[in-house]
Amino acid sequence: MSPLLRRIVIVGGGVAGLRTAEALRRNGFSGELVGINAENRLPYARPSLSKDALFRSDWECVPLETTAGVRWQIGVAASGLDLEQRRVELDDGSTVAFDAAVVATGVRARVLRGTEAGLTLRTADDAEVLHGILHGDRGHLVIVGAGFIGSEVAVTAHSLGWAVTIVDSDPTPLARALGPGPARWLWEQHRVRGVRTRFGQPVQSIQRSGAGYHVTFAHDSVIQADAVVASLGAVPNTEWLRGSGVDITDGVLTDPAGRAITVTGTVVDGVVAVGDVARTPSRTPDGRAVRHEHWAVATTSAQRAAATLTGRQPPVELPPVFWTDVYEHRVQVVGHPSGVESEPEPGPRGFCLRYEGGDGTLTGAVVVNWPQLLPVLSRRVAQAALTA
Ligand SMILES: Cc1cc2nc3c(=O)[nH]c(=O)nc-3n(C[C@H](O)[C@H](O)[C@H](O)COP(=O)(O)OP(=O)(O)OC[C@H]3O[C@@H](n4cnc5c(N)ncnc54)[C@H](O)[C@@H]3O)c2cc1C
C-alpha cells in the first residue's frame, strides 16, 4: 500500500461507503477515514425501509454495526470535488483534504413534474412520514410507479389494512428487471389478495383535493386516494461533481476497477465510485457500463474499490444479485433475466426460471423461495460469462 495514503475521504454514508471503509481496513489501511454524509444519520439498512420499517409499529432506524473507525461528519453535504487541490468542498464552506476519495453518494427518489404531491420513499426520514400515515386511519393508498419499492409498499400497506391501487404506464412492470414470467407472477400475488393494478396507463398528475388526493391519468380519468406514494425510479446524486471533470452521465462512470473516469476518458487516480451512484462496465449481454441499485452490488463494488485503492487484486467479479419480498415469498435474481425464458422448474417450496442468450449461454436466473439454489446458479452464470 502506498505510504502516501494517509487520509481517505468517503463521500456518502450509505452501505456502499461503509462497506468500502470496512474493506479498506481488512486490506490493511490504518490511516484516517473521514466520512461525509448529507443525511443527518449514520449508515443504516435502506432495504428495510419498505419492509419491516413500515410494518412494525415499534420501528426505529438503527445504524449498521461496524468497527471500521470512520470519523463521520453527518448532516453536511459535499458541494464540490477539487481534483487539483485534492480536496472535497462542503456546503458549510469548509473543505476536507484527501489522499484518496470514495464517491458513494447513491441516488435519490425521482420526482416527475405533476407528481410532486406524492410521498417518496428513499430515506429513513421518508419512512418515518409514511409509517405515520400507514399506521393512522386506514383508507385508500395509490402507488404511482410499480417498481420494487412500489410493490413492497403495496405489500405492507395491504397487510396493515389499506385498500391499495398500484398504477404504472408499463403494461407489465418489472418485466425487464425480473423477467416477464416472474413479473407476471409477482403482480398476480398482489391481485389475488385484492390489490388493484392499473397498468399500461400513464399518470399525468397527483393533486391535493381536500383531505385527500386526485390521481389523474393521461386519458383524464381520475382516482381518489387518501394517500399517494410516487415511486418513479431514482436519480444519481452527482450534482456536487459538476465542474470536477468526472464523467457524470447517469452516475459516475468508472473503469472495471472502480476508478472514476473523466469526460475526456482518462482515469482519475485515487478517486473511486461505489454503490448505486457508480456506472461500471460489467458483463451485461451488450457489455455496457451500467448502474445497479442493489444492496449486494454495493458491497461487491466496495470490495473492488478498496482493493484498487490499497493495491490489491480485486475480487473476481460475480454476477449482480438482488432480492425483493412479496408477501410471504422471497424472490432472488442473479445475473440478467433477459433472453429466452425457461419454463418454471418446481422446487421444494418455490420455483426457478433460467434465462439464456441467443447462443445458449446462461445469462441469469430467478429463484422464488429456493435460496439454496442461488449460489449454484450464481457460479453457473459467472462461469458462462467467463467462457462466453
Ligand atoms: C426503500 C428501499 C428498499 C430497497 N430494497 C432493496 C432490496 O430489497 N434488495 C436490494 O438488493 N436492494 C434494495 N434497495 C436498494 C439498496 O438499498 C441500495 O442499493 C443501497 O442502499 C445503495 O447504497 P449506497 O450506499 O450506494 O447509496 P445510499 O444508500 O443512497 O447512500 C448514499 C448516501 O449518500 C448521501 N449523499 C448524497 N449526496 C451527498 C453529498 N453531496 N454529500 C454527502 N453525502 C451525500 C445520501 O444522503 C445517502 O445517505 C432498496 C432501496 C430502497 C430505497
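This chain uses plain numbering: 1 for the first residue, then up along the sequence. Indexing begins at 1, ligand by ligand and atom by atom, following the structure's order. We use all heavy atoms of the structure for the numbers below, so side chains are in, but hydrogens, waters and symmetry mates are not.
- Legend: residues meeting side-chain contact (heavy atoms from CB on, under 4.5 Å) with E356, ordered by chain and number and at least two apart, are absent.
- Both cation-pi conditions hold for R208 and Y213: the charged atom is under 6.0 angstrom from the six-membered ring centre and inside a 45 degree cone around its axis.
- Between the side chains of H190 and Y327, at least one donor-acceptor pair of N or O atoms lies under 3.5 Å.
- Protein heavy atom in closest approach to atom 39 (C) of ligand 1: T105 CG2, 3.3 Å.
- The nearest heavy-atom contact from the protein to atom 30 (O) of ligand 1 is R122 NH2, 2.7 Å.
- The part of A104 lying near ligand 1 is the backbone, judged by heavy-atom distances below 4.0 Å.
- When heavy-atom distances to ligand 1 are checked against a 4.0 Å cut-off, W295 comes that close through both its backbone and its side chain.
- The residue from G13, P43, P47 that puts a heavy atom closest to atom 14 (N) of ligand 1 is P47.
- T123 and D125 share no donor-acceptor pair across their side chains, judged by distance under 3.5 Å alone.
- At the shortest separation from atom 29 (O) of ligand 1 among protein heavy atoms lies R46 NE, 2.6 Å.
- Ionic pairing of E343 and R354 is not present here: no N-O contact between side-chain nitrogen and carboxylate oxygen is shorter than 4.0 angstrom.
- Using a 4.0 Å cut-off between charged nitrogen and carboxylate oxygen, R108 and E239 count as a salt-bridge pair.
- Residue V76 has no nitrogen or oxygen atom sitting less than 3.5 Å from a nitrogen or oxygen atom of ligand 1, judged on distance alone.
- Of the heavy atoms in F148, none comes closer than 4.0 Å to ligand 1.
- Checking only distances, K51 does come within under 3.5 Å of ligand 1, N or O to N or O.
- Looking from atom 27 (O) of ligand 1 to the surrounding protein, the closest heavy atom is G106 CA, 3.5 Å.
- The backbone of E293, and not its side chain, has at least one atom closer than 4.0 Å to an atom of ligand 1 (non-hydrogen atoms only; backbone = N, CA, C, O).
- Ring pair H336/H292 is tilted by interplanar angle, where 30° to 60° counts as tilted.
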Got a list of side-chain donor-acceptor pairs under 3.5 Å for residues 129-147, not counting sequence neighbours?
residue : atom : partner : partner atom : Å
H131    : NE2  : R56     : O            : 2.7
H131    : NE2  : H135    : NE2          : 3.4
H135    : NE2  : L54     : O            : 2.7
H135    : NE2  : F55     : O            : 3.2
R138    : NE   : L160    : O            : 2.6
R138    : NH1  : L134    : O            : 3.4
R138    : NH1  : H135    : O            : 3.2
R138    : NH1  : G136    : O            : 2.8
R138    : NH2  : L160    : O            : 3.3
H140    : ND1  : Q224    : O            : 2.8
H140    : NE2  : T165    : OG1          : 2.7

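- Shortest contact from atom 41 (N) of ligand 1 to any protein heavy atom: A78 O, 3.1 Å.
- Residue A16 places at least one N or O, backbone or side chain, under 3.5 Å from an N or O of ligand 1.
- Contact annotation: I149 has at least one heavy atom less than 4.0 Å from an atom of ligand 1.
- Of the possible donor and acceptor atoms, none in the side chain of T95 sits under 3.5 Å from a partner among the backbone N and O of V88.
- Judged by distance alone, the side chains of R198 and S221 do bring a donor and an acceptor atom under 3.5 Å apart.
- Closest to atom 49 (O) of ligand 1, if we only count protein heavy atoms, is E39 OE1, 2.7 Å.
- At a 4.0 Å heavy-atom cut-off, ligand 1 touches E152 through the side chain alone.
- Residues Y355 and E341 have side chains that bring a donor and an acceptor to within less than 3.5 angstrom of each other.
- Remark: among candidates L49, T238, N37, the nearest residue to atom 46 (C) of ligand 1 is N37, based on non-hydrogen atoms.
- Proximity of T123 to ligand 1, defined as any heavy-atom pair under 4.0 Å, is not found for any part of the residue.
- Distance from atom 44 (N) of ligand 1 to its nearest protein heavy atom, with residue and atom name: A38 N, 3.0 Å.
- Note: an N/O pair closer than 3.5 Å links W323 and ligand 1 by distance alone.
- In this structure, H294 and W323 have side chains that are not in contact, with every pair of non-hydrogen atoms separated by 4.5 Å or more.
- Taking any N or O of V15, backbone or side chain, at least one lies under 3.5 Å from an N or O belonging to ligand 1.
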